[in-house]
Structure formats: C-alpha cells, structure tokens
Amino acid sequence: MTDPAAPPPAPTDRRSFLQELGDALYPGDRLLPPTTLARIADSYDYTLRTRGPRPQSVLWAGWYSQWLRFRVLLGVIERHSWRTGGLVINDLGCGYGALFHHIKRKRFLKGGDYYGYDLSGSMVRAARQKTSDPRATFIESDRVTQDADYSFCSGTFGLRLDTPPAEWRLYVQQALKATAERSRRGLAFNLLDSRGEDDKETLYYADPEDYLDFCRRELSPNVTLKCDYAKKIDFTIWVRF
C-alpha cells in the first residue's frame, strides 16, 4: 500500500541540476560526463571559499610543496629557451594562477603569453582578480584551447571523487593526448604515486611505469620520468617533441 504522506517519485526523465549545469558549462563532446566535471568544479569552488587563494585550496600541503612541483615541471623547458624569451605557455588546471606568478619574471616569458584553464569558475575569477599582467589569460575550460610551446598539468588530475580508477585513467590519458596535440615543444605533468603510502578514496594514484609506457607509445619517444623529489608522494613526467 502506498504511503499517502510520501512524496511522489521523481520523473525518470528529469535531469539533475548538476547535469544541466555541466552541460551549460562544458557543452559538446567531453572527456568525462558533464555531471562529473561540474562536481569537481564545485569541489574546488568550495576549497577556494574555505581556504582562500593558497596552495591548500588546490590540494597541495603548502607553499614549498607547490613551489617544488613547479620547479620540477619547468625542467622540461630546454636550457636555451630559458634565455631567449617569447614562449607561449598552457597551464591546464591553473587554479588561482599560482604558476603564472611563479614564472612571470622568468626570461622565457618575456614577450610571451600564458593561458590558464580551470574547471572551477571561482578559481578562474580569483586568478583574474589576482593578475593584471596582459600576458596572462584565464579560461574556464576542461581542456586547452590554444597552441603553445609548452603545456603543464600540475595537480590537475588528482581529484577523481567517485569516478572508478580505470575510467579516470582513460580520462587522464585522453586529456594528455589532447594537450600534447596543442604543444609544440613539450608537455610536463605530475600524478600521485601509487607506490606511496597515501590512500584516499577520492584521489587518483598512478603507476609511474604505466604512464611512462603510455607517453612513449602515444606521445613521443623523448620521455623522462622524475620521481626522486617527493618520496613517492607523486611523480613528474617530461615529454619533449
């Protein structure tokens, strides 16, 4: 017997608010369902509200952890390029723009351009408010849209929420391929290391050798693995073209 006080069942064809929001923000063919993208964006909106524009809001332990990852990632840039200037940089998962402020006085960015991309509208707005430099452009997007000399993904793929690891792995690899196609000289990214002791259900942990093989097979034979800086917390891969 039906309880007359119970609310009526939701229509089976009614789309959730997050689905509609995701479709609006990330239209077209996406690498992940719009619902997942919207939930991840909402997670970073929340961390920014509660922690402010600082490393903890993008899930780094502190300033030093973030600085160290930037330093390792930037090693993909060839030595002569550090001195010449005029580079164009893509930063997928830019957060509140910390990488731009790390590199804005570097010689390689003199006369160059920087494009930062993030799922979180709040992060993008915070980056714009923090940055008046005309070389920097911040875009709300789950993928890079500009051609660049070098592309970087720092902490970009760490938060998977409840997406199955195998599905997230496919997403990460598709995103890396799409980013590589927009990168003329190199791509550098980091991922949490599955060989470490950390084990949080909502985070994604990867096997360095698996990604080394993937990059050599799908992106370029010129690949370098860097895993000697963080005691198996994460690892970095440089891909040069």
Side-chain angles (χ1 to χ4, degrees), residues 30-33 35-37 39-44 46-47 51 55-76 90-95 98-99 117-120 142-144 150-180 183 186-240:
R30 299 286 103 182
L31 300 176
L32 278 180
T35 303
T36 302
L37 297 172
R39 291 173 61 215
I40 292 172
D42 187 61
S43 298
Y44 284 109
Y46 172 78
T47 57
R51 300 177 183 179
Q56 290 84 353
S57 70
V58 288
L59 308 186
W60 291 117
W63 297 105
Y64 177 75
S65 294
Q66 187 180 63
W67 171 85
L68 177 60
R69 273 65 185 186
F70 290 165
R71 181 173 177 270
V72 175
L73 286 163
L74 292 170
V76 73
N90 276 330
D91 180 13
L92 181 61
C94 64
L99 178 61
Y117 311 85
D118 206 279
L119 287 171
S120 166
D142 68 326
R143 61 182 66 187
V144 301
Y150 292 94
S151 296
F152 298 96
C153 307
S154 182
T156 307
F157 306 115
L159 183 65
R160 66 174 177 85
L161 298 180
D162 55 359
T163 306
E167 185 177 329
W168 190 259
R169 175 179 177 271
L170 179 60
Y171 160 69
V172 172
Q173 294 185 354
Q174 288 176 325
L176 291 172
K177 289 172 70 174
T179 304
S183 309
L187 162 67
F189 64 93
N190 52 38
L191 292 167
L192 293 170
D193 195 329
S194 61
R195 302 170 302 172
E197 297 180 358
D198 194 31
D199 185 19
K200 294 182 176 64
E201 289 186 2
T202 57
L203 301 182
Y204 175 63
Y205 301 88
D207 179 350
E209 294 298 327
D210 177 39
Y211 275 86
L212 194 63
D213 291 343
F214 161 76
C215 290
R216 286 173 174 161
R217 185 177 66 253
E218 300 288 343
L219 304 183
S220 169
N222 190 354
V223 180
T224 303
L225 172 65
K226 304 293 289 184
C227 54
D228 55 353
Y229 62 91
K231 298 181 180 179
K232 296 183 180 179
I233 296 173
D234 58 273
F235 62 91
T236 296
I237 289 183
W238 300 340
V239 184
R240 293 188 174 108

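Every heavy atom of this structure was used, including side-chain atoms; hydrogens, water molecules and symmetry mates were not. In this text the structure is predicted, and so the values were computed from the model without any measurement.
Using a 4.5 Å heavy-atom threshold, the side chains of Leu212 and Glu209 count as touching. Between Leu99 and Ser154 the shortest side-chain heavy-atom distance does not fall below 4.5 Å. Using a 4.5 Å heavy-atom cutoff, the side chains of Thr179 and Phe189 are not in contact.
Although no hydrogens or angles enter the test, the distance criterion places a donor-acceptor pair under 3.5 Å between the side chain of Trp168 and the main chain of Phe157.
Qualifying side chain to side chain donor-acceptor pair (under 3.5 Å) partners for Arg51, counting only residues two or more places apart in sequence or in other chains: none. Judged as a side chain to side chain donor-acceptor pair (under 3.5 Å), and not counting sequence neighbours, Ser57 has no contacts. Annotation: ring-ring contact (aromatic ring centres under 6.0 Å, His included) contacts of Phe70 (sequence neighbours excluded): His102. Listed by chain and number, the residues in a salt bridge (charged side-chain N to carboxylate O under 4.0 Å, His left out) with Asp210 are Arg169 (sequence neighbours excluded). Here Thr156 pairs with Leu92, Cys153 under the side chain to side chain contact (heavy atoms under 4.5 Å, CB included) rule; sequence neighbours left out. Taking Glu218 as the reference, Lys177 meet the salt bridge (charged side-chain N to carboxylate O under 4.0 Å, His left out) condition, with sequence neighbours excluded. Under the side chain to side chain donor-acceptor pair (under 3.5 Å) criterion, Arg160 pairs with no residue, sequence neighbours left out. A search for side chain to side chain donor-acceptor pair (under 3.5 Å) contacts involving Gln66 returns Tyr96, not counting sequence neighbours.
Considering all non-hydrogen atoms of both residues, Asp118 and Cys94 come closest at OD2-N, 3.3 Å.
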Under 3.5 Å, side-chain donor or acceptor atoms of residues 196-206 against the rest of the protein: list the pairs with distances, not counting sequence neighbours.
{"residue": "Asp198", "atom": "OD1", "partner": "Lys200", "partner atom": "NZ", "Å": "2.8"}
{"residue": "Asp198", "atom": "OD2", "partner": "Tyr205", "partner atom": "OH", "Å": "2.8"}
{"residue": "Tyr204", "atom": "OH", "partner": "Tyr211", "partner atom": "OH", "Å": "2.7"}
{"residue": "Tyr205", "atom": "OH", "partner": "Lys200", "partner atom": "N", "Å": "3.0"}

Donor-acceptor pairs under 3.5 Å, side chain of residues 222-234 to any protein atom, not counting sequence neighbours: which ones?
{"residue": "Tyr229", "atom": "OH", "partner": "Asp234", "partner atom": "OD2", "Å": "2.5"}
{"residue": "Tyr229", "atom": "OH", "partner": "Thr236", "partner atom": "N", "Å": "3.3"}
{"residue": "Tyr229", "atom": "OH", "partner": "Thr236", "partner atom": "OG1", "Å": "2.7"}
{"residue": "Asp234", "atom": "OD1", "partner": "Arg69", "partner atom": "NE", "Å": "3.0"}
{"residue": "Asp234", "atom": "OD1", "partner": "Arg69", "partner atom": "NH2", "Å": "2.6"}
{"residue": "Asp234", "atom": "OD2", "partner": "Arg69", "partner atom": "NE", "Å": "3.4"}

